[in-house]
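Owing to the predicted nature of the structure, the values given are computational and were not obtained by experimental measurement. Both ligands and their constituent atoms are indexed starting at 1 by order of listing. Side chains included, hydrogens not; waters and symmetry mates left out as well; all remaining heavy atoms used.
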Amino acid sequence: MFVLVNLKTYPCDPLEVARAVRDVNDTTDARLAVAPQAAHLERVAETGVETWAQHVDPIDYGSNTGHTLAETVAESGAVGTLINHSEQRLKLADIDGSVRAAERADLETVVCANNPAQIGAAAALGPDAVAVEPPELIGTGTPVSQADPDVVEDAVAAAASVDDDVSVLCGAGISTGDDVVAAGDLGSEGVLLASGVAKADDPEAALEDLVEPL
Ligand SMILES: O=C(CO)COP(=O)(O)O
């Protein structure tokens with residue numbers, strides 16, 4: 001299972017979480033990675049943890065003030081990027097452009113989507129993976145794998161019907177090892193989570209709990 005920890009703009013110490021993700025990764029067969037804010041990418045990557053960006057823009061080098069260029073993200077040490085997170089929604093053409101920009105920079109891609117229909121559309125753009133995250137469950141602590149198992153199974157079916165090579169993650173409310181196991185049982189190849197680790201008093205303990213049954 002792939003466990004991708006999105007730090008959003010939570011007021012956590014990104015280096016503390018990065019070191020915890022790195023250290024717990026060394027204890028498990030699961031693959032763990034962290035997605036800090038763009039301004040923290042370089043320092044987080046220097047810890048040796050697998051580092052992802054939260055977003056790249058559908059742009060190339062040039063006059064794009066305030067944008068995030070995929071090549072700069074890669075130079076900062078990221079190996080992948082989220083695209084179209086529920087808190088950073090893009091138009092379809094821009095999702096496509098961001099996937100192409102990430103590919104140009106050799107970044108792995110996870111395109112997020114709200115529901116199975118959008119997952120099918122996202123999979124058609126040829127990312128490495130898609131992630132289904134019902135917005136109403138994000139940050140609630142109520143895991144999508146329990147509250148809405150159909151949405152995960154339907155997302156897996158939607159992606160497979162478009163492109164078998166696109167893996168499916170799920171997210172929203174995931175915070176325990178049981179939630180991760182339930183996600184896997186529904187056909188998900190990984191989970192995307194945030195508050196369960198970024199807002200935990202002890203992020204390393206939270207991560208150990210997440211991977212314990214894997
Ligand atoms: O948006 C999410 C991950 O990108 C999910 O957030 P929570 O894990 O806080 O529900």
Side-chain angles (χ1 to χ4, degrees), residues 1-14 17-18 20-21 24 30-38 40-41 44 49-56 68 73 78-90 95 98 102 107-116 118-119 122 127-149 151-152 155 167-184 186 188-211 214:
M1 290 290 275
F2 183 30
V3 177
L4 180 50
V5 181
N6 175 7
L7 301 187
K8 306 193 175 188
T9 56
Y10 283 130
C12 58
D13 177 346
V17 180
V21 173
V24 174
R31 171 187 173 195
L32 272 64
V34 64
Q37 294 177 55
H40 294 150
L41 281 172
V44 163
V49 72
E50 181 177 329
T51 304
W52 280 56
Q54 296 180 8
H55 167 77
V56 296
T68 302
V73 159
V79 299
T81 185
L82 298 175
I83 291 169
N84 194 48
H85 189 275
S86 187
E87 294 144 15
Q88 182 62 285
R89 282 281 180 240
L90 302 175
I95 301 172
S98 291
L107 293 170
E108 200 171 327
T109 49
V110 172
V111 175
C112 303
N114 286 2
N115 56 43
Q118 290 180 20
I119 284 287
D128 295 297
V130 289
V132 65
E133 293 199 301
E136 65 278 12
L137 294 176
I138 289 178
T140 62
T142 301
V144 59
S145 43
Q146 272 176 33
D148 208 347
V151 89
V152 181
S167 31
V168 179
L169 316 182
C170 67
I174 305 278
S175 64
T176 69
D178 287 346
D179 300 341
V180 182
V181 169
L186 294 167
S188 170
E189 292 178 46
V191 293
L192 186 55
L193 72 144
S195 48
V197 171
K199 292 173 85 172
D201 291 335
D202 183 344
E204 184 152 352
L207 285 159
E208 282 165 352
D209 178 55
L210 274 164
V211 303
L214 301 182

Go through the side-chain N and O atoms of Glu50 and Trp52 and say whether any donor and acceptor fall under 3.5 Å apart.
yes
Can a donor-acceptor pair be found, under 3.5 Å and without considering hydrogens, that links the side chain of Ser86 to the backbone of Pro135?
no
Results of side chain to side chain contact (heavy atoms under 4.5 Å, CB included) for Ser175 - residues two or more places apart only:
Asp179
Measuring from Met1:CE to Leu210:CG, what's the distance to the nearest 0.5 Å?
10.5 Å
Sorted by chain and residue number, the residues with a non-hydrogen atom under 4.0 Å of ligand 1 are Asn6, Lys8, His85, Glu133, Ile138, Gly139, Ala172, Gly173, Leu192, Leu193, Ala194, Ser195
Between the side chains of Thr109 and Asp128, is a donor N or O closer than 3.5 angstrom to an acceptor N or O?
yes
Donor-acceptor check, side chain of Asn6 to backbone of Leu193, threshold 3.5 angstrom: yes or no?
no
